[in-house]
Enquirer: 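Below are the structure tokens for one structure; questions will follow.
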Amino acid sequence: MESAYEPGEVEEKWYKYWVENNLFKAKARSDNDPYCIVIPPPNVTGNLHMGHALNNTMQDILCRHKRMKGYNVLWQPGTDHAGIATQNVVEKALAAKGTDRHEVGREKFIEMVWEWRKKYGGVIINQLKRLGCSCDWSRERFTMDEGLSKAVREVFVRLYEEGFIYRGDYIINWCPRCHTALADLEVEHEEIEGFLYHIRYRFENRDGYLIVATTRPETLFGDTAVAVNPDDDRYTGLSGAKVLLPVINKAVPVIYDKYVDTKFGTGALKITPAHDPNDFEIGNIHKLERIKVIDENAIMNELAGPYRGMDRFECRKKLIEDLKETGLLEKMEPYLHAVGHCYRCKTMIEPILSKQWFIKAGPLAEKASQAVREGKTRIFPNNWEKVYFQWMDNIKDWCISRQIWWGHRIPAWYCKDCGAINVAREKPKTCSKCRGCNLEQETDVLDTWFSSALWPFSTLGWPDATDELKTFYPTSALVTGFDILFFWVARMMMMGMHFMGDIPFRDVYIHALVRDAEGKKMSKSKGNVIDPLEVIDRFGTDSFRFTLAALAAQGRDIKLSEERIIGYRHFVNKIWNAARFVLMNVGDEGTVEAEGYKRYYTLPDRWVLTRLGRVSEGVSAAIDEYRFNDAAGLCYQFVWHEFCDWYLEMAKQELYGKDEDLKRSSRVTVLEVLRAILKLLHPFIPFVTEEIWQKLPGTTSSIMIAEFPEASDFMKDEDAIKEMSLIMEVITGIRNIRGEMNISPSRRVNIVIDVADTKDENILKNNLSHIRTLAGVDEISIVSGAPKPDASVSSMFGQNQVHLLLKGLIDFQEEKKRLKKAIKKIEKDIGVSNKKLGNKGFLEKAPADIVEEVRIKVQNQSLKLDKLYHNLQFFETIID
RNA sequence: AGGCGGGUAGCUCAGUUGGGAGAGCAUCGGCCUUACAAGCCGAGGGUCGCAGGUUCAAGCCCUGUUCCGCCUACCA
């Protein structure tokens, strides 16, 4: 083995091995308990970013862990057709060739998108493989697959027949660049510095004018009323009055409506039902005409008079100039307000009147909400449940039609003869109303999220009754980012409850965002993006994955930096070297029992095995509760600071020793522990663990299918924990003194141990050689109650004392300083405790065991203090 | 406007039902001790955002306050 771990080839080799040996494959039927995660399908257009890396690392940890625990695991992979995003990509390619989709035609265009998908759609899948993801690739799905499309049509038809889907004219969010309607969720609000324009609307048949305040003067051509509050003293007696719209001088009525806020602006509100959602509502109440003045390209139409053909912003600018000239602009004040932008292309949204398809979401949300309230689905961390409820309880209807070409075309056919709408799973031959044959399919496609809402059951074969559905639905866990809690999780809950009659997943784990080292969101424009693939190339997948896991504290964003990754690469390398050491020392050893040798358990053996049991338990518990950082931290601490720092160092005694029986036994234990460590770590760092695993004697198959360590696999010896800590304490005590006294590590010292009782004495006597080796000690004598030796420096451990004989080696002044420091600390401690014990309230109200604990502590501390004072006095007399 | 999350060591963060504040990294000192200098041994470092309150006891519970971040919302 090399002295440093090199990830490159190793990763490729083992990934191939796992796939070739079908280790990722799930069984449609099995006696083993099922465990299933559906991947949040990445966009086909996507490239692996940090969010994906974190998200999928977590899923892989869960899946590998459960697989090793014996579950029949299905990690269902696939990609999303990402309507708008994908269409944009192909349109861009067309634009580069000087043409566009309209020139190409719908059919040909869709063909081109499929071709693009075939060519580039696999990119992100391959990137997931580099991350080590153990998805069952034989089951990969795509939202535009025939099967999933069938599910989409089935759902649409049923929702329509049940009255959940309707079509109608409403104000929707229109993206003039993407040329499509968007759902409310797909609009991002951004604070913009604009103006509040105060504009004079002259009265038609009398003098004077009303002043309206608006941020969007260009819509005034579509005004069909001006509303004021009936309680507003300024505007009494205007019933039946009309005002003239500026420039075009069209007369519109003044109406009274309580909706108008008297304190805002001038208290007079222009009403544009075709371009504002609130105005639309008011317009409905007052039966106002809806006049569109901005077209689908955000260009002013013929109703905008002289501004016809201008872009909406250009029109605003020109109009304001003109109003200034004609004296109709009262004033304009700077005004900060939230303006909607398209979440795909960031273009400013135009609220526009349009005929679209909607889902009545209320009743569906109710069931979805209930499922979480009843605890059928649990959301981790559970504060997200509140967010979920808040959304679900205030849900609005969902606009599902999109005016693009790439997507699931709505299965509705309009009869050109009678105008009837025919909604059907397949194209009907005749109109259901008039029997005519002149049918034309709806040109709109469905919102991409419509099909992803079905993902947990459509990927398992629904609407057919498959074994997969029976085995894996409801799925076990969903791992995702909070940014798509509403977009995706909420909608899967709604669809799952409605169509499967059951929750889509038992647990939802919501993870945080990966940010840069300063805590800033990574973005291309800021240039602070860390590319996961670059990280993998430079540091290896394992280091990267372990970093993500170690930093993934629930509810907190991850601040990722190269430094951290390097730190965990050191850890991977540490494991590598520990394994190297073990392999150098165990040879081809099998098991002792098989060869008829006796197994011995030294104190370090008993200790490390007991600790291993506890750690194994802790790791599984942490993974089950999605505390990835705790799980990683436990492994890190145990492997590095217990196994490497203490256990291996102590095991060298047997491994390097001459006693063949002890040596063989020790080899077995060392191997046993190493194997368990590799298994514990495998879900986090799959590649290096497999690489080492395959080098271990006796390995016959992949670590992927080895059994995950459990507490019951190892001895539970509480005495070993206590005994070992005594030994560790004395060694640390000696090292401490050496460090503070600046005694070179190569310089051996002699010590005297003053023991308090025979129990400790026996433990020490049995482990003298460890003290010698690990603390750099030569001669040891054990006494009881003897005076402190000359020229010695002392340290306490438990009730015992160790004296280092340092004649001619130490600086007395230094030692006095050290002692005084120790005394100060212990006196402070005793002070606090005594204050408690002197407090009547504490003695009376605190639990008895707590009080007793403090009493014992004071006793022990006082004893130590005495000894420290004694030692200090000793030095003072020597110096004097 | 409402809601949520967070302020703990220089940095990043743990801190499970209230019972003497921890880790990793960084810093400093000493070591090439035959797995590992991507290493080993040791050390320093905190008024737990601020102010009150409850309690025998508060990083933890309550109230107020301030700063940062995020989400939701139709105030033109």
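Numbers restart at 1 for each chain; the letters A, B, ... are given by sequence-line order, proteins then strands. Nothing here was measured: the structure is a model prediction, and the numbers come from that model.
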Enquirer: What distance, rounded to whole Å, do you find between the two C1' atoms, one in B:C31 and one in B:A37?
Expert: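 To the nearest whole Å, 10 Å.
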Enquirer: Using the P atoms only, state how far B:A38 lies from B:U47, rounded to an integer number of Å.
Expert: 35 Å
Enquirer: Hey, does A:F280 reach any base, or is it just sugar-phosphate, or nothing, if we go heavy atoms under 4.0 Å?
Expert: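 Here A:F280 touches no strand at all.
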Enquirer: At under 4.0 Å between heavy atoms, what does A:E649 touch on the DNA or RNA strands: base, sugar-phosphate, or nothing?
Expert: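 If one applies the 4.0 Å heavy-atom cut-off, A:E649 turns out to touch a base.
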Enquirer: If you check the A:F486 side chain, which of B:C74, B:A76, B:C71 turns out closest?
Expert: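 Selected nucleotide (nearest to the side chain): B:C71.
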Enquirer: Out of B:A43, B:A14, B:C41, which has the shortest distance to the side chain of A:D645?
Expert: B:C41
Enquirer: Using the P atoms only, state how far B:U16 lies from B:A21, rounded to an integer number of Å.
Expert: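 Approximately 14 Å lies between the P atom of B:A21 and that of B:U16.
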Enquirer: Rounded to the Å, how far apart are A:I395 CD1 and B:U72 C1'?
Expert: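 Taking atom C1' of B:U72 as the reference, CD1 of A:I395 is at 13 Å.
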Enquirer: Tell me the interatomic distance from A:L551, atom CG, to B:U12, atom P, rounded to whole angstroms.
Expert: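 In whole Å, B:U12 P and A:L551 CG are 12 Å from each other.
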Enquirer: Any base atoms under 4.0 Å from A:K396, or only sugar-phosphate, or nothing? Heavy atoms, all strands.
Expert: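 A:K396: backbone/sugar contact only, no base atoms under 4.0 Å.
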Enquirer: Describe the nucleic acid contact of A:N736 in one word from base, sugar-phosphate, nothing, applying a heavy-atom distance below 4.0 Å.
Expert: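 Sugar-phosphate, backbone atoms only, no base.
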Enquirer: Check this for me: does any side-chain nitrogen of one of A:R216 and A:E218 sit under 4.0 Å from a carboxylate oxygen of the other?
Expert: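 Yes, A:R216 and A:E218 are salt-bridged.
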Enquirer: Base, sugar-phosphate or nothing for A:K857? Non-hydrogen atoms, less than 4.0 Å.
Expert: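 Base contact.
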Enquirer: Ignoring backbone atoms, test whether A:W640 places a side-chain nitrogen or oxygen under 4.0 Å from the OP1 or OP2 oxygen of B:A23.
Expert: no
Enquirer: Which is more 5' along RNA chain B, the nucleotide nearest A:G739 or the one nearest A:A213? Just name the residue.
Expert: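 Going by which nucleotide is closer to the 5' end, it is A:G739.
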Enquirer: Just call it for A:D557: base, sugar-phosphate, or nothing, with non-hydrogen atoms closer than 4.0 Å on any strand.
Expert: sugar-phosphate
Enquirer: Which one is paired to B:U72, where only Watson-Crick or G-U wobble pairs with both distances under 3.5 angstrom count?
Expert: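 In the structure as shown, B:U72 has B:A1 as its Watson-Crick or wobble partner.
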Enquirer: Charged N to carboxylate O under 4.0 angstrom, A:R855 versus A:E853?
Expert: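 No, no charged N to carboxylate O under 4.0 Å.
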Enquirer: Across all strands shown, which nucleotide pairs with B:G10 by Watson-Crick or G-U wobble geometry, both distances under 3.5 Å?
Expert: B:C25
Enquirer: Under 4.0 Å between a side-chain N or O of A:K559 and OP1 or OP2 of B:C13?
Expert: yes
Enquirer: What does A:V260 touch in the nucleic acid at a heavy-atom separation under 4.0 angstrom: a base, only the sugar-phosphate, or nothing?
Expert: base
Enquirer: Is any side-chain N or O of A:H570 closer than 4.0 Å to OP1 or OP2 of B:G39?
Expert: yes
Enquirer: May I ask you to verify whether the side chain of A:Y259 and the base of B:C75 hold a donor-acceptor pair under 3.5 Å?
Expert: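 Counting by modelled atom types and ignoring angles, no donor-acceptor contact under 3.5 Å is found here.
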Enquirer: For B:G18 versus B:C11, give the span between their C1' atoms, rounded off to a whole number of Å.
Expert: 29 Å
Enquirer: Side chain of A:Q390: nearest nucleotide among B:G3, B:C25, B:A73?
Expert: B:G3
Enquirer: Look at all strands and tell whether A:K574 reaches a base, only sugar-phosphate, or nothing, counting heavy atoms closer than 4.0 Å.
Expert: base
Enquirer: Let me know, please, whether A:F482 or A:C644 comes out on the 5' side of the other along RNA chain B by nearest nucleotide.
Expert: A:C644
Enquirer: Verify the distance criterion only: is there a donor paired with an acceptor across the side chains of A:T262 and A:N229 at less than 3.5 Å?
Expert: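 Checked: A:T262/A:N229 side chains show no N/O donor-acceptor pair below 3.5 Å.
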Enquirer: Counting Watson-Crick and G-U wobble pairs only, both distances under 3.5 Å, name the nucleotide matched with B:G39, or none.
Expert: B:C31
Enquirer: Okay, side chain of A:N585, backbone of A:L655: is any donor-acceptor separation there less than 3.5 Å?
Expert: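 Between the backbone of A:L655 and the side chain of A:N585 there is no qualifying donor-acceptor contact (under 3.5 Å).
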Enquirer: OP1, OP2 of B:G44 versus side-chain N and O of A:K821: anything below 4.0 Å?
Expert: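 Looking at the OP1 and OP2 atoms of B:G44, one of them is under 4.0 Å from a side-chain N or O of A:K821.
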Enquirer: Looking across every strand, which nucleic acid part, if any, lies under 4.0 Å from A:D261 by heavy atom: base, sugar-phosphate, or nothing?
Expert: base
Enquirer: Provide the distance between the two P atoms, one in B:G64 and one in B:U8, to the nearest whole Å.
Expert: 22 Å
Enquirer: A:Y568 OH to B:A26 P: how many Å, rounded?
Expert: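 The answer, rounded to whole Å, is 12 Å.
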Enquirer: When we call it a touch if two heavy atoms are under 4.0 Å apart, what does A:H641 touch: a base, just sugar-phosphate, or nothing?
Expert: sugar-phosphate
Enquirer: Taking atom types as they are modelled, is there a donor-acceptor pair under 3.5 Å from the base of B:C4 to the side chain of A:K386?
Expert: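 Such a pair does not exist between side chain and base.
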Enquirer: Does A:K652 qualify as a cation-pi partner of A:F581, given the criterion of NZ or CZ under 6.0 Å from the six-membered ring centre and within 45 degrees of its axis?
Expert: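 Yes, A:K652 lies over the aromatic ring of A:F581.
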Enquirer: Between atom CG in A:N394 and atom C1' in B:C74, what is the gap in whole Å?
Expert: 14 Å
Enquirer: Select base, sugar-phosphate, or nothing to describe what A:A4 touches, counting heavy atoms under 4.0 Å on all strands.
Expert: base
Enquirer: Just compare B:U33, B:A35, B:C74 and give me whichever is closest to any side-chain atom of A:P745.
Expert: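 The closest nucleotide is B:U33.
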Enquirer: Check every atom of B:A35, B:A38, B:C41 against the side chain of A:N573 and return the nucleotide holding the closest atom.
Expert: B:A38
Enquirer: In terms of side-chain heavy atoms of A:H337, which of B:A76, B:A35, B:G19 is nearest?
Expert: B:A76
Enquirer: Round to a whole Å and report the spacing from CD of A:Q554 to P of B:U16.
Expert: 13 Å
Enquirer: Determine the interplanar angle of the A:Y335 and A:H337 rings, folded into 0 to 90°, and report it as parallel if under 30°, tilted if 30 to 60°, perpendicular if over 60°.
Expert: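 The arrangement is tilted - the two ring planes meet at 30° to 60°.
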Enquirer: Going by purine N1 to pyrimidine N3 plus the second Watson-Crick contact, or the G-U wobble pair, all under 3.5 Å, which nucleotide sits opposite B:G64?
Expert: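 Paired with B:G64, as far as the under-3.5 Å criterion goes, is B:C50.
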Enquirer: Between B:A76, B:C74, B:G19, which one does the side chain of A:N278 approach most closely?
Expert: B:C74
Enquirer: Distance check, C1' atoms only: B:G7 and B:G46, in whole angstrom units.
Expert: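 The same atom, C1', in both gives a distance of 14 Å.
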Enquirer: Output yes when at least one side-chain N/O atom of A:R735 is less than 4.0 Å from OP1 or OP2 of B:G42, else no.
Expert: yes
Enquirer: Are side-chain N/O atoms of A:Y343 and A:E186 paired as donor and acceptor at under 3.5 Å?
Expert: yes
Enquirer: Can you check the A:E563 CD to B:C25 P distance for me, whole Å?
Expert: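 Atom CD in A:E563 sits about 11 Å away from atom P in B:C25.
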Enquirer: Tell me whether A:R290 contacts the main-chain N or O of A:A274 through its side chain, where contact means a donor paired with an acceptor under 3.5 Å.
Expert: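 A pair under 3.5 Å: no.
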Enquirer: Establish, for the pair A:R611 and A:W640, whether the NZ or CZ atom is under 6.0 angstrom from the six-membered ring centre and no further than 45 degrees off its axis.
Expert: no
Enquirer: What integer number of Å spans the P atoms of B:C32 and B:C48?
Expert: 42 Å
Enquirer: A:Y197 side chain N/O closer than 4.0 Å to the phosphate oxygens (OP1, OP2) of B:A76?
Expert: no
Enquirer: So, A:K270 versus A:T272: side-chain donor-acceptor pair below 3.5 Å or not?
Expert: yes
Enquirer: For A:Y656 and B:A35, is the shortest distance between a side-chain N/O and OP1 or OP2 below 4.0 Å?
Expert: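 It does, given that an N or O in the side chain of A:Y656 lies less than 4.0 Å from OP1 or OP2 of B:A35.
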Enquirer: When the distance from NZ of A:K825 to C1' of B:G44 is rounded to whole Å, what number comes out?
Expert: 14 Å
Enquirer: Please determine, for the side chain of A:E740, which listed nucleotide (B:A35, B:A43, B:C75) has the closest atom?
Expert: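 The closest nucleotide is B:A43.
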Enquirer: Once you round it to whole Å, what is the distance between C1' of B:U72 and CD of A:E191?
Expert: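 About 13 Å, once rounded to whole Å.
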Enquirer: How far does the P atom of B:A26 sit from the matching atom of B:G39, given to the nearest Å?
Expert: 9 Å
Enquirer: Paired with B:G45 by Watson-Crick or G-U wobble geometry, both distances under 3.5 Å: which nucleotide is it?
Expert: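 In the structure as shown, B:G45 has no Watson-Crick or wobble partner.
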Enquirer: Has A:K652 got a side-chain N or O lying under 4.0 Å from the OP1 or OP2 atom of B:U34?
Expert: no
Enquirer: Choose from B:C25, B:U12, B:G19 the nucleotide whose nearest atom is closest to any side-chain atom of A:Y636.
Expert: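 Output: B:C25.
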